Amino acid sequence: MALLLGVDTGGTYTDAVLIRDEAVVIASAKALTTRHDLAVGVGNAVRAVLADAGVDATEVSLASLSTTLATNALVEGQGGRVALIYIGFKERDLAAHGLAEALKGDPHLVLAGGHNHAGGEAVPLDETALIAFLETHKNDVSGFAVASLFATRNPAHELRAAELVTQITGRPVSASHQLSAKLNGPKRALTAVLNARLIGMIDRLIGRAEDVLIEIGITAPLMVVRGDGALISAVQARERPIETILSGPAASIVGARWMTGADYALVSDIGGTTTDVALLRGGRPAIDPAGARVGQYRTMVEAVAMRTTGLGGDSEVHFLSEGLEGGIELGPKRLLPVSLVAMDAPEVVHNALDAQLRSTTPGEFDGRFVRAVAGQTHEGIGPREVVLLERMGEAVHPLGDILRSRIETGALKRLVERGLVQIAGLTPSDASHALGRVDAWDADAARKALRLFGRRRTGAGEMLDPDPDAMAQRVVDQLTQQTALALLETAFAEEDPEFPGSPEVLARHVLLQRGLKGHRGLLRIDAALNLPVIGLGASAPAYYPAVGVALGSEMILPEHAGVANAIGAVVGRVTMRESGTVTSPSEGKFRLHLAGGPQDFGDQESALAALEAVLRDKAKADAQAAGAADIQVSAVRDIRTAGIESREVFIEAVITVEATGRPRVADG
């Protein structure tokens with residue numbers, strides 16, 4: 001009998017689950033995610049689940065990992081320092097397509113080169129300028145991204161640039177044509193930048209996870225969940241970490257389907273950092289045709305059609321001072337809960353909170369703490385950032401003791417974005433501890449932080465809410481409201497036929513909001529979500545019943561909702577997709593656009609057959625490399641023609657091949 005181990009590394013917790021023969025959950029366990037070394041949390045969770053099940057590590061025949069690490073990093077603006085090599089495009093494209101924002105001041109080079117739509121060289125590649133750029137930046141970035149004009153029609157310049165990057169710098173390089181076969185160069189460039197930014201982070205996670213599994217005694221192959229819910233090998237995930245965007249959320253949908261058998265439902269997964277919502281239709285999640293969107297970034301990565309919102313149990317609680325009544329808002333950034341950081345440094349945290357409570361006037365940094373993340377590389381940071389890190393050392397500090405001038409605020413922000421520093425402050429997790437709904441961390445510290453936050457003055461000069469219990473309930477109610485809006489936005493986005501207007505505006509429309517509350521005046525207005533919601537995540541039982549009531553919808557909370565991601569990580573299938581294009585640059589000529597360059601044929605069917613054969617071989621080889629068994633291969637042809645002078649003229653064809661199979665398990 002096969003014993004399968006699923007592991008999910010989230011922003012707050014790392015979950016592990018053991019499943020026998022893909023049918024029965026025999027044990028599950030949680031451990032705190034250890035940011036300084038994620039493998040510590042993985043090891044703690046795996047050891048706990050093995051002990052709970054009473055099985056030996058050598059019995060495990062397959063291990064699989066899902067992670068929200070890539071998703072959280074992009075939502076929180078974290079990742080390594082990278083350089084972009086932008087070939088054949090214009091400098092103005094950087095700002096127009098969001099690349100400048102994604103680069104965050106990291107170096108870039110706009111370089112002569114690129115190809116035309118037919119795959120012919122438009123301008124020779126300027127290798128002299130490229131070599132000079134690489135020599136300048138080879139030691140101050142963690143990786144390079146390369147994007148060339150029409151690289152999906154001819155990748156020669158991307159391949160040459162990548163070759164020079166490897167020769168001169170030895171750093172990892174992400175070539176855009178290897179991440180997507182679609183046109184839209186700036187969007188491919190953005191995807192390559194994000195991939196390069198994530199390589200070091202995901203590589204460290206997978207490498208350390210493999211090390212700790214071997215240390216425990218698990219020698220079974222390690223798989224990783226891709227953003228569309230499919231499984232890939234650890235080697236493939238390290239090469240293309242961008243594909244693990246939405247890995248955790250995708251695994252949760254696979255897990256939700258496995259646990260409930262639901263065909264039609266909204267799946268909402270609340271973690272520490274994000275809430276991820278997707279529609280399950282016919283038992284399958286849709287693949288987003290426009291590419292995965294995470295936070296502000298729209299990538300070209302195939303992933304489940306999902307709306308990811310910076311809303312979770314560890315979301316930052318913001319004070320809204322506008323208006324007479326004031327208010328609060330949650331997210332999108334994640335903080336360490338005060339109740340959690342107090343477990344690590346109780347004396348520091350309680351002494352600071354008590355001193356702040358004795359003060360007659362609220363301070364700007366009341367209830368906030370800071371600590372450096374141990375074991376991270378400090379390459380590419382400036383002198384102000386170095387000073388702050390040295391001031392912090394390895395201890396937890398009240399934030400006000402570390403920031404000594406306004407100019408240091410920007411340096412601290414940069415350290416947080418690089419994942420080198422963590423800020424602690426008030427979160428919904430603290431509110432849940434104060435209300436007695438959760439009993440894992442320091443509830444007394446949470447109540448002190450709530451009292452400090454509630455002392456802030458509204459526009460009318462009144463305290464927001466000095467009673468910590470009332471302040472805690474206000475935070476939980478705000479999470480309920482924002483979760484309901486996230487579900488409504490997804491419903492409007494998936495509605496067919498669609499409503500006029502954006503989902504964000506429609507979800508907040510006064511008529512809908514009044515209808516959800518059963519308005520009874522001269523008008524009778526009723527509204528509700530017309531399908532069930534499957535609530536996932538460790539904190540779902542604490543928050544989601546109220547969300548179901550607010551939306552007038554059935555709320556399904558599966559028995560193992562808290563480890564849905566870990567379940568989905570190990571019950572999925574290996575699936576590889578390859579796409580290719582045939583164009584017709586002139587009548588009677590049919591051109592394949594392959595990795596080795598364009599190839600011409602004299603008739604349409606020969607070109608299509610040749611392309612399909614190449615794609616089938618590639619998809620099957622990738623599936624085998626990922627560890628798939630019993631592989632099934634299918635192909636879909638999308639042929640586009642136009643009517644010209646009473647005859648059909650071939651314009652373009654796109655062939656998509658899918659190879660799928662169960663992951664091969666080792667002898668247990």
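Both backbone and side-chain heavy atoms feed into the values below; hydrogens, waters and symmetry mates do not. The chain is numbered in sequence order, starting from 1. Model, not experiment: these values are computed from the prediction.
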Run through V17, I216, L213, V570 and flag the one making a side-chain contact (heavy atoms from CB on, under 4.5 Å) with L5. L213
Take L412 and I402 through the test side-chain contact (heavy atoms from CB on, under 4.5 Å) and record every step on the way to the result. CA-CA 10 Å; L412 179 66; I402 294 298; 5.6 Å; no
Quick one, V277 with M306, criterion side-chain contact (heavy atoms from CB on, under 4.5 Å). Give me CA distance, side-chain angles, the key distance, then yes/no. CA-CA 6 Å; V277 184; M306 176 173 289; 5.7 Å; no
For G41, is there any backbone N or O sitting under 3.5 Å from a side-chain donor or acceptor partner on T34? yes
Which residues satisfy the salt bridge (charged side-chain N to carboxylate O under 4.0 Å, His left out) test with E135, sequence neighbours excluded? K138
Whether the side chain of T274 engages the backbone of D276 through a donor-acceptor N/O pair (distance < 3.5 Å, no angle test) should be reported. no
Start with the C-alpha distance between E215 and E210, add both sets of side-chain angles, then the distance that settles side-chain contact (heavy atoms from CB on, under 4.5 Å), and finish with yes or no. CA-CA 9 Å; E215 179 186 310; E210 288 178 321; over 6 Å; no
With the side chain counted from C-beta on, respond yes when V341 and D442 share a heavy-atom pair under 4.5 Å apart, and no when they do not. no
Output yes when a side-chain donor or acceptor of S339 lies under 3.5 Å from a complementary backbone atom of A446, and no otherwise. no
Excluding sequence neighbours, so at least two apart, what forms side-chain contact (heavy atoms from CB on, under 4.5 Å) with I214? none
Donor-acceptor contact present, side-chain N44 to main-chain V40, <3.5 Å: yes
Checking side-chain polar atoms at under 3.5 Å, does S66 have a donor or acceptor matched by the opposite partner on D8? yes
What's the spacing between I328 CD1 and Q481 CD if we round to 0.5 Å? 9.5 Å
More than 12 heavy atoms of other residues, nucleotides or ligands under 6.0 Å from CZ of R456: yes or no? yes
Can a donor-acceptor pair be found, under 3.5 Å and without considering hydrogens, that links the side chain of K30 to the backbone of G562? yes
Taking the side chain as every heavy atom from C-beta outward, state whether Y543 and V476 have any atom pair closer than 4.5 Å. yes
Straight-line distance of M343 CE to L32 CG, nearest 0.5 Å: 8.5 Å
Worked check of side-chain contact (heavy atoms from CB on, under 4.5 Å) between R404 and R391: CA-CA 11 Å; R404 298 176 183 173; R391 197 177 296 162; 3.6 Å; yes
Quick one: are L388 and E408 in side-chain contact, heavy atoms under 4.5 Å? yes
Residue pairs passing the salt bridge (Lys or Arg N to Asp or Glu O under 4.0 Å) test where at least one lies in residues 356-378, sequence neighbours excluded: E316-R368, D344-R371, E364-R406, D366-R455
Does A256 have any side-chain contact (heavy atoms from CB on, under 4.5 Å) partners at least two apart in sequence or in another chain, and if so, which? V267, I534, L536
Is E385 paired with K413 through a side-chain N to carboxylate O contact shorter than 4.0 Å? no
Any non-hydrogen side-chain atom of D444 less than 4.5 Å from a side-chain atom of H350? yes
Among L336, L399, L415, whose side-chain contact (heavy atoms from CB on, under 4.5 Å) with I423 holds? L399
Between S359 and T361 (side chain of the first, backbone of the second, donor and acceptor by atom type, cut-off under 3.5 Å), is there such a pair? yes
Under 3.5 Å, is there a donor-acceptor pair between the T483 and Y544 side chains? no
What's the separation between atom CG in L205 and atom CG in D37, rounded to the nearest 0.5 Å? 9.5 Å
By ring pair (Phe, Tyr, Trp, His ring centres under 6.0 Å), which residues pair with F133, not counting sequence neighbours? H137
Under a 3.5 Å distance rule, please check whether S539 uses its side chain to pair with a backbone N or O of A542 as donor and acceptor. no
So do I253 and D269 actually touch side chain to side chain, heavy atoms under 4.5 Å? no
Working to the nearest 0.5 angstrom, can you tell me the gap between L94 CG and L190 CG? 11.0 Å
Closest heavy-atom pair and its distance - L557, P541: CD1-CA, 4.1 Å
Where the side chain of H318 meets the backbone of G331, is there a donor-acceptor pair that is under 3.5 Å apart? yes
Is there a side-chain contact between F369 and L353 in this structure, where contact means two heavy atoms from C-beta onward sitting under 4.5 Å apart? yes
With sequence neighbours excluded, residues passing side-chain hydrogen bond (donor to acceptor under 3.5 Å, both in side chains) with E239: none
Looking only at heavy atoms, the pair that brings S174 and A192 closest together is CB-O, 3.6 Å
Could you tell me which non-hydrogen atom of V212 sits nearest to which non-hydrogen atom of G43, and how far apart they are? CG2-CA, 3.8 Å
Only pairs at least two apart or in different chains count here, so list each salt bridge (Lys or Arg N to Asp or Glu O under 4.0 Å) that has a residue in residues 427-438. none
Just by modelled atom types, is the F319 backbone N or O under 3.5 Å from a matching donor or acceptor in the E329 side chain? no
What is the minimum heavy-atom distance between L488 and A507, and which atoms define it? CB-CB, 3.8 Å
Looking at every non-hydrogen atom in both residues, tell me the closest pair between A540 and P545 and how far apart they are. O-CD, 3.6 Å
Should T67 and S247 be marked as a side chain to side chain donor-acceptor pair (under 3.5 Å) after you check the CA-CA gap, both sets of side-chain angles, and the distance that decides it? CA-CA 6 Å; T67 176; S247 162; over 6 Å; no
Those residues that, when tested against E489, pass salt bridge (charged side-chain N to carboxylate O under 4.0 Å, His left out) (two or more places apart): R307, R508
Atom CG of L311 and atom OG of S268: how far apart are they, to the nearest 0.5 Å? 8.5 Å
Which residues pass the side-chain contact (heavy atoms from CB on, under 4.5 Å) test with A472, not counting sequence neighbours? A431, A434, L435, L450
So with a 6.0 Å cut-off around CG of D439, is the heavy-atom count from everything else above 12? no
Would you say that Q356 contacts R451 through its side chain, given a criterion of any heavy-atom pair below 4.5 Å between the two side chains? no
Under the salt bridge (charged side-chain N to carboxylate O under 4.0 Å, His left out) test, residues paired with D477 that sit two or more places apart: none
Among residues at least two apart in sequence or on other chains, which ones pass side-chain contact (heavy atoms from CB on, under 4.5 Å) with A440? Y13, H433, V438
Partners passing salt bridge (charged side-chain N to carboxylate O under 4.0 Å, His left out) against D106 (at least two apart in sequence or in another chain): R81, R197
From S28 OG over to D52 CG, what is the distance, rounded to the nearest 0.5 angstrom? 7.0 Å
State, with a plain yes or no, whether a side-chain heavy atom of I232 is found less than 4.5 Å away from one of M223. no
Say whether, by atom type as modelled, one donor and one acceptor occur between the side chain of S252 and the main chain of A564 under 3.5 angstrom. no
